[in-house]
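Numbered from 1 within each chain, the chains take letters A, B, ... in sequence-line order. Both backbone and side-chain heavy atoms feed into the values below; hydrogens, waters and symmetry mates do not.
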Protein chains: 2
Amino acid sequence: MARPTPLSGFPELLPQARLVEQHVLDVLREVFELHGFSSIETRAVEPLSVLLRKGEIDKEVYGVRRLQADAGAADGGSGDDLALHFDLTVPFARYVTENAGHLQFPFRRYQVQKVWRGERPQEGRYREFTQADIDVVDRGTLAVHHDADMARVMGEALSRLPLPGVTLQVNNRRLVEGFYRGLGLEGDVLTGSIGATMRAVDKLDKVGARGVAGLLAEAGLTQAQVDGALGLAQVRAGADDLVAAVRDLGVSHELLDQGLEELLAVLTAVDDLPADRVAVVADLSVARGLDYYTGTVYETRMRGWESLGSICSGGRYDSLADDGRDVYPGVGISLGVTRAIIPLLARGAVRASRPTPTAVVVAVADEAHRRDADRVANQLRARGVAVEVSPTAAKFGKQIRFADRRGVPFVWFPGLDAADGHQVKDIRSGEQVPADPASWLPPAADLRPSVVAGDQA
Amino acid sequence: MARPTPLSGFPELLPQARLVEQHVLDVLREVFELHGFSSIETRAVEPLSVLLRKGEIDKEVYGVRRLQADAGAADGGSGDDLALHFDLTVPFARYVTENAGHLQFPFRRYQVQKVWRGERPQEGRYREFTQADIDVVDRGTLAVHHDADMARVMGEALSRLPLPGVTLQVNNRRLVEGFYRGLGLEGDVLTGSIGATMRAVDKLDKVGARGVAGLLAEAGLTQAQVDGALGLAQVRAGADDLVAAVRDLGVSHELLDQGLEELLAVLTAVDDLPADRVAVVADLSVARGLDYYTGTVYETRMRGWESLGSICSGGRYDSLADDGRDVYPGVGISLGVTRAIIPLLARGAVRASRPTPTAVVVAVADEAHRRDADRVANQLRARGVAVEVSPTAAKFGKQIRFADRRGVPFVWFPGLDAADGHQVKDIRSGEQVPADPASWLPPAADLRPSVVAGDQA
């Protein structure tokens with residue numbers, strides 16, 4: 001078999017890079033669980049009819065079918081075509097309606113899984129990638145303090161990850177829609193002149209203010225309306241100056257007031273995040289494209305890596321799920337783990353200190369003494385030290401080079417009899433000292449591979 | 001939307017059951033890393049040509065295609081059809097050949113991922129399920145002590161899981177093939193009278209000794225050969241009596257001697273496993289069907305749950321991978337995590353002590369004091385306590401019932417001013433005591449949900 005080539009858009013990590021990903025996932029899990037989120041996983045496939053409910057996404061979807069399907073074994077008996085999920089929100093909504101009778105509401109869940117999209121691959125865009133989502137969903141209504149909570153929990157997680165500092169940009173669709181109504185526009189977030197304005201402003205990054213102005217004029221807005229919409233989209237503010245910045249634009253509407261209050265509540269409640277790691281700002285240009293958010297929306301950019309776009313996005317759905325009897329409003333935020341870390345790994349901005357969990361290689365003097373080496377290894381493992389026994393009984397110099405090549409810091413030389421004691425060598429310094437397998441521990445910094453951001457390295 | 005129905009063969013867990021699965025995966029990871037295995041993940045899809053190399057498995061495979069594929073964006077540029085992987089061995093072999101220049105050999109890796117098979121669903125058989133694999137692969141040759149190592153590492157992991165005790169059954173294909181050659185049979189493990197005999201003996205569980213004898217007679221074996229093959233398949237032995245049990249059958253062949261020596265080495269090297277949890281025996285009926293193993297083979301059955309079949313299987317491939325220049329022999333073993341735990345969960349033989357990570361709910365006297373509750377929660381979280389703040393400022397009785405319904409053991413009542421101190425209530429005993437948010441910790445047993453096997457519950 002010839003050497004296979006990678007599939008574009010389906011990234012795979014070498015062991016040392018995988019250690020970085022594992023560290024990121026460990027931190028996320030720890031923070032999410034400290035905040036009372038339960039882990040769930042949903043199956044990788046959904047009936048196509050479930051996936052298509054969200055809108056026009058069929059271009060991006062991977063269909064799945066048994067290559068030798070037979071009539072007697074329809075796929076799950078649903079008679080429906082299956083496809084790989086393209087996010088974790090749609091499957092979560094389906095899970096909630098399917099299991100509502102077994103869940104306690106408000107239900108806080110985190111979900112870390114791969115998703116698949118048939119998009120054209122490019123940096124920061126993959127066909128298979130890992131997302132880490134938190135959402136809270138309630139039955140009937142969901143209090144607005146949860147909107148702040150999602151930003152705070154994900155902000156805390158981001159602050160503890162080996163990433164550059166981030167800016168978490170928050171907006172509120174009610175604020176924007178209310179402002180547009182105050183300008184005299186009509187429709188809703190998807191239709192009419194309001195919908196057209198939302199779509200045009202969403203292109204601000206790509207086409208600039210002049211380009212957006214042109215699109216808005218084409219959509220029939222007056223110059224005053226164009227100026228108002230662009231003025232709102234240019235507002236960047238914190239909790240202190242948000243209200244003044246919006247009021248200065250001279251537009252008023254009841255829905256605007258409600259949205260402004262909700263947005264201010266989010267900004268006010270996140271003041272305990274470390275601002276050097278996670279700055280939370282109101283950015284009134286954030287629109288989240290065609291997604292069906294109804295209130296708070298979030299985007300997140302890594303400082304110095306803005307070209308990757310938003311690595312962590314979400315918002316509030318007043319109807320995340322609906323089982324025909326109850327409605328389930330939700331709010332959540334999703335971190336694109338692969339999207340954030342693969343570019344950092346590729347440019348050396350984050351790395352693991354060694355490629356293997358192993359802290360110690362136990363040398364084997366000859367094959368007759370391999371069981372003795374195994375026993376030493378088990379003594380060390382019982383205290384949490386990751387140990388490999390040398391795969392060969394080659395000369396000790398060769399066994400040391402084996403450890404060195406894989407970045408293992410210590411080599412252990414078992415005593416061959418009672419008179420001949422154990423010794424351990426730090427192969428970085430060359431220092432070799434007597435050691436007791438019943439009590440020796442490596443320095444804490446060497447016990448596990450550590451993960452360091454490039455600017456801390 | 002009507003309530004959706006589950007897809008048969010695609011199991012999903014409720015949060016309390018998911019905690020059991022997480023615990024199992026945590027233990028596996030810990031044991032594998034203590035033994036120096038590196039984590040990798042491979043993409044979910046492989047080119048169909050890679051999957052089909054292993055043999056006649058196309059009936060079980062799920063094909064994957066972009067629903068709106070266009071000529072300008074072929075799948076990964078390979079021009080090849082894609083399918084979901086059905087195990088982790090074939091993708092690992094592909095990963096090794098693709099990345100051989102970046103790996104240190106012998107390379108020890110663990111891999112815990114979902115796999116997909118289009119089989120008819122039944123208990124212990126799923127269409128989507130999680131496997132946990134360990135393998136070691138080398139370039140050129142791989143020493144036989146690794147065969148014992150795989151059994152020992154997986155045995156240690158199994159001994160620490162909340163499963164019933166298991167029997168790890170080991171056999172050796174060289175032993176069996178050599179024995180059959182000594183009987184005068186011909187061909188190899190897949191062809192001729194040796195292949196026919198292997199396939200017939202593999203059915204011993206289903207058709208019994210008389211059924212196998214019939215199949216062997218049909219295949220043209222003499223009565224002496226039938227008796228010999230059945231005699232071998234009935235051998236169950238430990239390190240002490242294996243050699244005598246095989247020699248008593250009166251057959252000799254060089255390949256038999258080699259296989260017997262290898263099998264004895266495995267049995268001898270696992271004597272440090274706790275026998276009450278993991279009994280390791282030679283079972284000379286274990287054949288592993290049509291898999292291309294060349295030496296050691298493993299199967300594992302849970303005591304009292306034998307009807308589930310083997311939950312943990314594997315073996316040695318003298319050519320796990322081959323990149324046209326080098327050959328990569330490997331040995332490994334794969335635990336069917338879903339297969340082992342879903343039946344146990346379904347019958348209550350294992351459970352988590354509560355459905356959520358949360359140990360404490362902080363009560364909210366009124367919405368004006370929510371930020372105070374948030375601060376208490378953060379103080380507790382800083383010491384590793386999982387905390388939720390009450391979602392409502394309802395009457396305290398209702399907030400206590402909220403905690404009780406989700407199995408949270410403690411409710412915290414923040415002091416409303418300096419004179420009014422904090423209190424914490426254990427809602428199981430009803431005991432309520434003053435507590436300091438800067439130092440209080442729950443009893444260690446309540447800090448995290450625990451997982452208990454039914455027979456220990």
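- A:Glu30 does not touch chain B: none of its heavy atoms, backbone or side chain, sits under 4.5 Å away.
- Rounded to the nearest 0.5 angstrom, B:Leu67 CG and A:Asp81 CG are separated by 8.0 Å.
- Of the possible donor and acceptor atoms, one in the side chain of A:Arg66 sits under 3.5 Å from a partner among the backbone N and O of B:Gly118.
- Looking at A:Pro355, the atoms closer than 4.5 Å to chain B (heavy atoms on both sides) all sit in the backbone: N, CA, C or O.
- Side-chain atoms of B:Glu12 do not come within 3.5 Å of backbone N or O of A:Tyr95 as any donor-acceptor pair.
- Formation of a donor-acceptor pair under 3.5 Å by the B:His102 side chain with backbone atoms of A:Leu14 is not found in this model.
- Salt bridge status for B:Asp26 with A:Arg29: present, with a side-chain N to carboxylate O gap under 4.0 Å.
- Checking side-chain atoms of A:Arg18 against main-chain N and O of B:Ile40 turns up no donor-acceptor pair under 3.5 Å.
- The pair B:Glu33-A:Arg448 does not count as a salt bridge, with every side-chain nitrogen at least 4.0 angstrom from each carboxylate oxygen.
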Review point. Run the salt bridge (charged side-chain N to carboxylate O under 4.0 Å, His left out) check on B:Glu41 and A:Lys114 step by step: do they pass?
Key: CA-CA 11 Å; B:Glu41 291 197 334; A:Lys114 297 222 171 72; 2.7 Å; yes

Exercise for review: Report the C-alpha separation of A:Arg405 and B:Gln104 in whole Å, then their side-chain angles, then the decisive distance to 0.1 Å, and conclude whether the side-chain hydrogen bond (donor to acceptor under 3.5 Å, both in side chains) test is met.
Suggested key: CA-CA 7 Å; A:Arg405 272 202 313 276; B:Gln104 297 296 334; 2.9 Å; yes

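- For a residue to count as touching a neighbouring chain, one of its non-hydrogen atoms must lie under 4.5 Å from one of that chain's; by this rule A:Leu19 does not touch chain B.
- Rounding to the nearest 0.5 angstrom, the gap separating the OG atom in B:Ser38 from the CZ atom in A:Arg354 is 10.0 Å.
- The part of A:Arg108 that comes within reach of chain B is its side chain, from C-beta onward, which places non-hydrogen atoms under 4.5 angstrom from that chain.
- Between A:Arg370 and B:Asp149, no side-chain nitrogen of the basic residue sits less than 4.0 Å from a carboxylate oxygen of the acidic one, so the salt-bridge criterion is not met.
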Point to revise | Steps toward side chain to side chain contact (heavy atoms under 4.5 Å, CB included) verdict (A:Leu34, B:Val387) | key: CA-CA 6 Å; A:Leu34 283 174; B:Val387 183; over 6 Å; no

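- Taking chain A as the reference chain and counting heavy-atom pairs below 4.5 Å, the highest number among B:Glu21, B:His145, B:Arg152 is found for B:His145.
- Residues A:Leu103 and B:Pro15 come closest through the heavy atom pair CD2-CD, 3.9 Å.
- From B:Leu82, atom CG reaches atom OH of A:Tyr62 across 7.0 Å, with rounding to the nearest 0.5 Å.
- Side chain of B:Glu128 to backbone of A:Ala44: a donor-acceptor contact under 3.5 angstrom is found.
- For A:Phe105, the part lying under 4.5 angstrom from a heavy atom of chain B is the backbone only.
- In this structure, the side chain of A:Arg43 does not engage the main chain of B:Phe10 through any donor-acceptor pair within 3.5 Å.
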Check your understanding: Given A:Val389 and B:His35, is the side chain to side chain contact (heavy atoms under 4.5 Å, CB included) satisfied, shown in steps?
Key -> CA-CA 9 Å; A:Val389 173; B:His35 286 263; over 6 Å; no

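- Taking OG1 of A:Thr42 as the reference point, atom CG of B:Leu13 lies at 11.0 Å (rounded to 0.5 Å).
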